[in-house]
Novice: 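Shown below is the structure under consideration.
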Amino acid sequence: EKRAKAHLEQAAAEVLVAEQKAVELKEACRVWAESDLVAEELKEATEKSLRLEREVNKALGEARKVIACRQIEAKNKNTPQSLVNGLEQLQNRLVQVQSE
């Protein structure tokens, strides 16, 4: 049970990182709504958006990997239902982040 809790906390931490990176990207993209940007500002906004998008994708990949590993382990062992349910909820959060 303690091990299951630790696995779930690790997966939750990875999902949280992905969620935070997605929020940063969303905030950075708000600059595109401004119509009076000059060329240099557009260049900076583009570079920042692309960098943040890469970070979000990397964080999503890491979170997916951790969740997938834990789900495989859960199938192979006598795992508490709370871990299975928790991993499913984290997977749903990742889907939400990706859809935004």
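Small disclaimer: the values here were computed from a predicted structure and weren't measured. What's counted below: heavy atoms across the whole structure, side chains too, no hydrogens, waters or symmetry copies.
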Novice: At what distance, to the nearest 0.5 angstrom, does CD of Glu24 lie from CD of Glu55?
Specialist: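 One gets 6.5 Å once the value is rounded to the nearest 0.5 Å.
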Novice: Just wondering, do Glu19 and Val23 contact through their side chains at under 4.5 Å, heavy atoms?
Specialist: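 Contact flag for Val23/Glu19 side chains = no.
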Novice: Is the shortest heavy-atom distance from the side chain of Gln96 to the side chain of Glu100 under 4.5 Å?
Specialist: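 Sidechains of Glu100 and Gln96: in contact.
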Novice: Step by step, work out the side-chain hydrogen bond (donor to acceptor under 3.5 Å, both in side chains) result for Arg93 and Gln98.
Specialist: CA-CA 9 Å; Arg93 284 172 53 188; Gln98 193 168 7; over 6 Å; no
Novice: Rounded to the nearest 0.5 Å, what separation is found between the CG atom of Leu52 and the CD atom of Glu27?
Specialist: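 With rounding to 0.5 Å, CG (Leu52) is 10.0 Å from CD (Glu27).
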Novice: Taking the side chain as every heavy atom from C-beta outward, state whether Val15 and Val97 have any atom pair closer than 4.5 Å.
Specialist: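 Contact flag for Val15/Val97 side chains = no.
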Novice: Looking at every heavy atom in both Ala11 and Leu87, which two are closest together, and how far apart are they?
Specialist: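 The answer is CB-CD2, 4.1 Å.
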Novice: Drop me the distance from Lys5's NZ to Leu83's CG, to the nearest 0.5 angstrom.
Specialist: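 It is 12.5 Å, given to the nearest 0.5 Å.
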Novice: I need the full list of side-chain hydrogen bond (donor to acceptor under 3.5 Å, both in side chains) pairs touching residues 40-50, with sequence neighbours left out, sorted by first then second residue.
Specialist: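 Qualifying pairs, neighbours excluded: Trp32-Ser49.
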Novice: Do you know the tightest heavy-atom contact between Val17 and Ala59?
Specialist: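 Taking Val17 first and Ala59 second, the nearest heavy atoms are CG1-CB, 4.1 Å.
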Novice: Listed by chain and number, what are the side chain to side chain contact (heavy atoms under 4.5 Å, CB included) partners of Gln20, not counting sequence neighbours?
Specialist: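 By the side chain to side chain contact (heavy atoms under 4.5 Å, CB included) rule, Gln20 matches Leu16.
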Novice: Once you round to the nearest 0.5 Å, how far does CD of Gln91 lie from CZ of Arg64?
Specialist: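 It comes to 8.0 Å.
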Novice: So does Lys65 pair up with Glu62, basic N to acidic O under 4.0 Å?
Specialist: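 Salt bridge present between Lys65 and Glu62.
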Novice: Measure the spacing between CG of Leu50 and CZ of Arg54 and express it to the nearest 0.5 Å.
Specialist: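 Between Leu50 CG and Arg54 CZ, I get 6.0 Å after rounding to 0.5 Å.
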Novice: If you count every heavy atom of other residues, nucleotides or ligands that lies below 6.0 Å from Asn78 atom CG, does the total exceed 12?
Specialist: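 No - once you tally the heavy atoms of other residues, nucleotides and ligands closer than 6.0 Å, there are 12 at most.
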Novice: Shortest non-hydrogen contact from Leu8 to Gly86?
Specialist: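 Taking Leu8 first and Gly86 second, the nearest heavy atoms are CD1-C, 3.5 Å.
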Novice: Please list, chain by chain and in numerical order, all residues satisfying side chain to side chain contact (heavy atoms under 4.5 Å, CB included) with Ala74, sequence neighbours excluded.
Specialist: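 Per chain and number, Ala74 pairs via side chain to side chain contact (heavy atoms under 4.5 Å, CB included) with Thr79, Val84.
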Novice: Would you check if Glu53 and Asn57 make a side-chain contact, meaning some heavy-atom pair closer than 4.5 Å?
Specialist: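 Contact flag for Glu53/Asn57 side chains = yes.
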Novice: How many angstroms lie between atom CD of Gln89 and atom CG of Leu94, to the nearest 0.5 angstrom?
Specialist: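 Rounded to the nearest 0.5 Å, the CD-CG separation comes out at 12.5 Å.
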Novice: Side chains of Arg70 and Gln10 only: does a donor on one sit below 3.5 Å from an acceptor on the other?
Specialist: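 Gln10 and Arg70 do have a side-chain donor-acceptor pair below 3.5 Å.
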